[in-house]
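Just so it is clear: chains get the letters A, B, ... in the order the sequence lines come, proteins before strands, and each one is counted from 1. Just so you know, these numbers use all the heavy atoms, side chains as well, and skip hydrogens, waters and symmetry mates.
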4 protein chains.
Amino acid sequence: MQITPDLQPELGLSVTEAARRAQILSATIATIADLGYRKTSFARIKERAGLSSTRIIGYHFGNKAGLMQAVVTTALDIKQKFALELADGTTDRATMLRAMIESEVRFLRDYPECVQVLREVAANADDPEGWSVSGPLLEGFRIGQFERILRQGQQEGAFGEFQPDVVARTIAHAIDGAAAAFTADPSLDLDRYGRELADLFERTTAPRS
Amino acid sequence: MQITPDLQPELGLSVTEAARRAQILSATIATIADLGYRKTSFARIKERAGLSSTRIIGYHFGNKAGLMQAVVTTALDIKQKFALELADGTTDRATMLRAMIESEVRFLRDYPECVQVLREVAANADDPEGWSVSGPLLEGFRIGQFERILRQGQQEGAFGEFQPDVVARTIAHAIDGAAAAFTADPSLDLDRYGRELADLFERTTAPRS
Amino acid sequence: MQITPDLQPELGLSVTEAARRAQILSATIATIADLGYRKTSFARIKERAGLSSTRIIGYHFGNKAGLMQAVVTTALDIKQKFALELADGTTDRATMLRAMIESEVRFLRDYPECVQVLREVAANADDPEGWSVSGPLLEGFRIGQFERILRQGQQEGAFGEFQPDVVARTIAHAIDGAAAAFTADPSLDLDRYGRELADLFERTTAPRS
Amino acid sequence: MQITPDLQPELGLSVTEAARRAQILSATIATIADLGYRKTSFARIKERAGLSSTRIIGYHFGNKAGLMQAVVTTALDIKQKFALELADGTTDRATMLRAMIESEVRFLRDYPECVQVLREVAANADDPEGWSVSGPLLEGFRIGQFERILRQGQQEGAFGEFQPDVVARTIAHAIDGAAAAFTADPSLDLDRYGRELADLFERTTAPRS
DNA sequence: TATGAATGAGAGTTCATTCAT
DNA sequence: AATGAATGAACTCTCATTCAT
């Protein structure tokens with residue numbers, strides 16, 4: 001599944017410019033997902049996008065940092081939209097936790113390049129100076145989401161006793177584990193994996209009977 | 001704590017050569033732990049080791065791949081010795097699992113650079129042609145250990161029902177999570193973290209009552 | 001003090017065009033005075049002038065050479081007006097020389113960016129092909145003024161014996177010295193400096209008693 | 001006259017390395033003197049020195065900054081040796097001042113590229129970060145020499161009343177004027193120019209009779 | 001056992017300019 | 001009167017590696 005960023009991601013861009021940006025962005029994401037961040041150079045992106053010169057990338061994004069910034073923004077955008085579509089009205093904490101875990105894994109199934117790219121860029125976000133979306137920040141955001149739910153659930157008595165920060169971080173890394181497994185073996189049944197993961201953390205967080 | 005590889009890691013080396021190798025290896029590990037794999041170049045290693053030329057690195061290890069190979073071997077060696085010292089004679093699967101998890105976290109506490117280096121190298125091991133210890137292989141080894149215990153425990157009735165591969169992978173990544181948390185905040189109480197992790201997976205793997 | 005070029009520097013320009021030219025010119029002069037000629041690029045000028053694209057610069061001035069040409073013309077214009085305002089009706093050569101030197105230094109005090117810009121552009125005027133006001137030419141013009149006075153004064157017996165070309169050139173560079181000193185230390189008392197310089201060359205040019 | 005740096009400028013260099021360094025240095029100085037600092041690139045130096053690749057320059061000097069550092073050091077070295085050879089035992093301040101001025105101009109006559117290079121590099125020494133010999137520093141050093149003599153002479157009554165800082169700076173820039181004149185017209189009689197300059201400042205600094 | 005010297009490939013950036021509309 | 005889009009050239013730098021001795 002190819003990532004096709006919206007043609008009008010930001011206001012004030014002409015149609016052609018937005019199209020070019022989308023074209024380059026798409027090629028960049030594909031390249032990172034394919035070869036990893038390290039081997040992703042302007043030259044490689046140029047080839048994949050069928051551009052005549054690498055210069056045009058710098059023209060549209062100013063910088064390598066600017067390009068990566070845009071890549072992250074795009075990927076995060078896609079993820080958010082995906083999450084919104086899946087969101088149901090449950091307020092039961094245990095059900096919510098299960099939904100979040102399964103949603104993450106399903107996103108991995110539907111947009112593996114997105115997940116890959118987010119990981120790659122976050123892991124190598126120490127190169128330049130002016131990144132507004134740094135690796136730790138990204139990670140912290142994701143963990144924070146889980147931690148909040150866990151704490152609320154504990155207060156409401158929906159969960160048992162455990163340290164929310166540790167469990168939250170473990171959930172996040174468990175999902176990374178799913179991504180790693182899927183990368184290593186694309187035939188992996190992610191639905192099963194997601195269910196199993198949700199079960200796992202259900203048992204872990206269940207209140208003492 | 002500085003990593004000091006054994007002076008006689010391989011047979012057939014003179015004392016001076018072994019010493020040089022150890023010196024370079026130590027500097028390499030320190031550099032990777034400090035700056036990450038990406039910024040670790042021959043030049044950087046040269047500086048830290050106080051060498052006059054980068055040439056000597058290539059001389060002793062032939063290659064960048066060769067150097068990294070040696071780094072991984074060294075780190076794995078240290079880890080294995082650490083594990084052996086801690087091993088007790090338990091045959092109870094649940095106790096063994098707890099011991100393994102806590103041992104991993106304790107290793108992280110005592111040899112953080114080692115863990116860091118193993119992660120960094122494994123994550124960037126797609127570069128070269130001639131690696132005998134590739135990233136996935138390394139990962140697979142670690143997961144395999146957990147998976148074996150889990151399966152045996154299930155057969156013996158010590159554990160409940162779950163998919164061993166998923167849980168095993170999740171444990172491995174949960175420990176990576178501990179490493180990431182420790183990197184982000186070195187004042188983290190790893191003993192607490194280890195205990196919590198062991199508790200977490202105890203609950204997860206416990207047999208249905 | 002900001003340089004604001006006249007809005008109608010050349011005939012046949014509409015009001016808006018003249019305004020745009022003035023805006024760009026002003027930004028260019030400020031940039032050169034601030035960062036020096038070398039770091040003054042279209043991009044930098046664009047930023048300071050708040051333009052949307054560098055393209056508009058080329059549109060109005062055709063060329064970098066054209067832009068610099070205009071800059072020099074503007075600066076020279078300002079200088080000439082300044083000199084005219086100060087000019088008194090003296091015909092005494094010694095008094096005229098003193099007046100010219102002090103006028104130059106006072107101009108430096110009142111329009112330091114102008115002087116800076118003239119120096120910077122003159123010093124780097126070997127770049128292009130089509131400059132009508134080249135560096136040496138600019139320098140020659142200034143020196144010529146002094147030299148003329150000196151020769152006339154010598155003929156009239158107002159000055160002693162010396163080689164007018166050498167002294168003229170020395171005066172010009174002495175004033176450059178004042179500029180350099182002022183750049184290095186903006187708190188410098190330029191009036192004192194100017195008087196001292198005038199005294200200096202008065203002694204030098206005085207007739208043998 | 002070609003600048004040929006000593007073959008053993010610094011200890012610890014092998015003969016071949018010193019020779020290469022000298023070769024590159026010589027080509028660099030010639031290039032700067034010929035085309036100016038701005039147009040002096042590794043590629044241009046490579047051509048003039050007959051090297052196979054620009055890479056070798058970076059190899060020997062590490063950096064462009066390193067190369068320029070070495071250029072300045074070399075030029076300053078040559079100048080110092082020149083000055084030492086000319087130094088006579090006079091202690092009379094007026095004579096010393098004259099000697100210094102004429103020595104500077106004679107150096108310009110004998111090593112015009114050296115003077116040119118020093119000027120060019122000093123004028124463009126704001127590019128990088130790690131320069132130990134910056135432009136203002138270099139200038140300050142030269143002016144300081146003149147200022148010291150002037151002050152001492154005033155105390156001893158050998159000179160009249162004037163502000164030593166202004167006069168010192170003026171002398172330095174007067175010599176720059178000679179360099180500029182010589183660059184514009186290489187057939188210029190520098191000996192005459194130097195004598196005239198010395199006369200000029202003799203009159204300026206002479207005690208009131 | 002070690003080093004000095006050299007090198008080719010590739011990366012990201014900046015720059016002024018040109019072709020359209 | 002102005003802009004959007006694109007581009008080619010040049011530059012410095014870092015990297016791992018190779019050829020000698």
Side-chain angles (χ1 to χ4, degrees), chain A residues 13-17 19-21 38-44 51-67 127-128, chain B residues 13-17 19-21 38-45 51-67 127-128, chain C residues 13-21 38-46 51-67 127-128, chain D residues 13-17 19-21 38-44 46 51-60 62-67 127-128:
Chain A
L13 300 181
S14 71
V15 186
T16 39
E17 166 146 28
R20 262 274 187 267
R21 282 178 66 101
R38 292 204 50 198
K39 295 192 175 175
T40 298
S41 66
F42 278 18
R44 218 87 69 167
L51 305 171
S52 65
S53 142
T54 69
R55 188 55 199 75
I56 197 173
I57 303 172
Y59 171 69
H60 283 285
F61 295 92
N63 231 342
K64 191 180 186 185
L67 175 61
D127 226 339
Chain B
L13 301 180
S14 77
V15 186
T16 46
E17 167 146 22
R20 261 275 188 269
R21 282 178 65 100
R38 289 205 53 197
K39 296 191 175 175
T40 298
S41 66
F42 279 21
R44 220 89 69 168
I45 296 169
L51 306 171
S52 63
S53 149
T54 67
R55 186 57 196 79
I56 197 171
I57 303 172
Y59 175 69
H60 282 286
F61 296 93
N63 226 339
K64 192 182 183 184
L67 175 61
D127 245 322
Chain C
L13 300 180
S14 76
V15 187
T16 47
E17 168 148 22
R20 262 273 188 269
R21 282 178 65 99
R38 289 204 55 198
K39 296 191 176 175
T40 298
S41 65
F42 278 22
R44 220 90 67 170
I45 295 168
K46 182 200 83 175
L51 305 171
S52 64
S53 147
T54 68
R55 187 57 197 76
I56 196 171
I57 303 173
Y59 174 69
H60 281 286
F61 297 93
N63 227 341
K64 193 184 184 183
L67 175 60
D127 244 323
Chain D
L13 301 180
S14 71
V15 186
T16 40
E17 165 146 28
R20 262 275 187 267
R21 281 178 66 100
R38 293 203 51 198
K39 295 190 174 175
T40 298
S41 66
F42 279 17
R44 220 86 72 165
K46 180 201 86 175
L51 305 171
S52 65
S53 142
T54 68
R55 189 52 200 78
I56 196 172
I57 303 171
Y59 172 68
H60 283 285
N63 232 342
K64 191 180 184 183
L67 174 60
D127 225 340

Measure from [atom1] on [X] to [atom2] on [N] and round the result to the nearest Å.
{"X": "C/Lys46", "N": "F/dG4", "atom1": "NZ", "atom2": "P", "value": "10 Å"}
{"X": "C/Phe61", "N": "E/dA16", "atom1": "CZ", "atom2": "P", "value": "15 Å"}
{"X": "D/Arg20", "N": "E/dA6", "atom1": "CZ", "atom2": "P", "value": "4 Å"}
{"X": "B/Lys64", "N": "E/dA9", "atom1": "NZ", "atom2": "P", "value": "20 Å"}
{"X": "B/Arg38", "N": "E/dA11", "atom1": "CZ", "atom2": "C1'", "value": "11 Å"}
{"X": "D/Leu67", "N": "F/dC11", "atom1": "CG", "atom2": "C1'", "value": "14 Å"}
{"X": "B/Leu51", "N": "E/dT3", "atom1": "CG", "atom2": "P", "value": "8 Å"}
{"X": "A/Ile57", "N": "E/dT14", "atom1": "CD1", "atom2": "P", "value": "15 Å"}

Minimum-distance nucleotide to [X] side chain [options: [options]]:
{"X": "C/Asn63", "options": "E/dG12, E/dA6, E/dT17", "answer": "E/dT17"}
{"X": "A/Glu17", "options": "F/dT3, F/dA5, E/dA16", "answer": "F/dA5"}
{"X": "A/His60", "options": "F/dA6, F/dT12, E/dA2", "answer": "F/dA6"}
{"X": "C/Ser41", "options": "E/dT13, F/dA16, E/dA16", "answer": "E/dA16"}
{"X": "A/Ser52", "options": "F/dC11, F/dC15, F/dT7", "answer": "F/dT7"}

Give me the distances for all protein-to-nucleotides 19-21 of chain F N/O pairs that come in under 3.5 Å?
from: F/dC19; atom 1: N4; to: B/Arg55; atom 2: NE; distance (Å): 3.0

(message) Let me spell it out: for each of C/Thr16 and D/Gly62, pick the nucleotide of DNA chain F with the closest heavy atom. Which residue's pick is nearer the 5' end?
(response)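 Its nearest nucleotide being more 5', the pick is C/Thr16.
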(message) I need the C/Arg21 CZ to C/Ile56 CD1 distance, nearest 0.5 Å.
(response)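 Interatomic distance, C/Arg21 CZ to C/Ile56 CD1, rounded to 0.5 Å: 12.0 Å.
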(message) If I take atom CZ from residue C/Arg44 and atom OG1 from residue C/Thr54, how far apart are they, to the nearest 0.5 angstrom?
(response)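 C/Arg44 atom CZ to C/Thr54 atom OG1 measures 13.0 Å (nearest 0.5 Å).
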(message) Pick the closest DNA chain E nucleotide for B/Tyr59 and for D/Ser53 by heavy atoms, then say which residue is nearer the 5' end.
(response)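 Residue closer to the 5' terminus by nearest nucleotide: B/Tyr59.
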(request) Could you pick out which residue, A/Thr54 or B/Thr54, lies toward the 5' side of DNA chain E when each is mapped onto its nearest nucleotide? (result)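 Comparing both residues, the 5'-ward one is B/Thr54.
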(message) I'd like to check the side-chain contact (heavy atoms from CB on, under 4.5 Å) partners of A/Ser53; sequence neighbours left out, ordered by chain and number.
(response)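 A/Ser53 satisfies side-chain contact (heavy atoms from CB on, under 4.5 Å) with A/Arg55 once adjacent residues are dropped.
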(request) Check side chain to side chain donor-acceptor pair (under 3.5 Å) between D/Arg20 and all other residues, then give those that pass, not counting sequence neighbours. (result)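 If we apply the side chain to side chain donor-acceptor pair (under 3.5 Å) test to D/Arg20, skipping adjacent residues, the hits are D/Gln23.
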(message) The criterion is side chain to side chain donor-acceptor pair (under 3.5 Å); which residues satisfy it with C/Thr16, sequence neighbours excluded?
(response)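 C/Thr16 satisfies side chain to side chain donor-acceptor pair (under 3.5 Å) with C/Ser14 once adjacent residues are dropped.
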(message) Under 3.5 Å for both pairing distances: what stems, at least three Watson-Crick or G-U pairs long, include DNA chain F?
(response)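 Paired runs of 3+ in DNA chain F: E:2-21 with F:2-21.
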(message) Please find the pair of heavy atoms, one from B/Ile57 and one from B/Phe42, that lie closest to each other, and give the distance.
(response)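 Looking at all heavy atoms of both residues, the shortest contact is CD1-O, 3.6 Å.
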(request) Would you check if C/Ile45 and C/Thr40 make a side-chain contact, meaning some heavy-atom pair closer than 4.5 Å? (result)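 With C-beta onward as the side chain, the pair touches.
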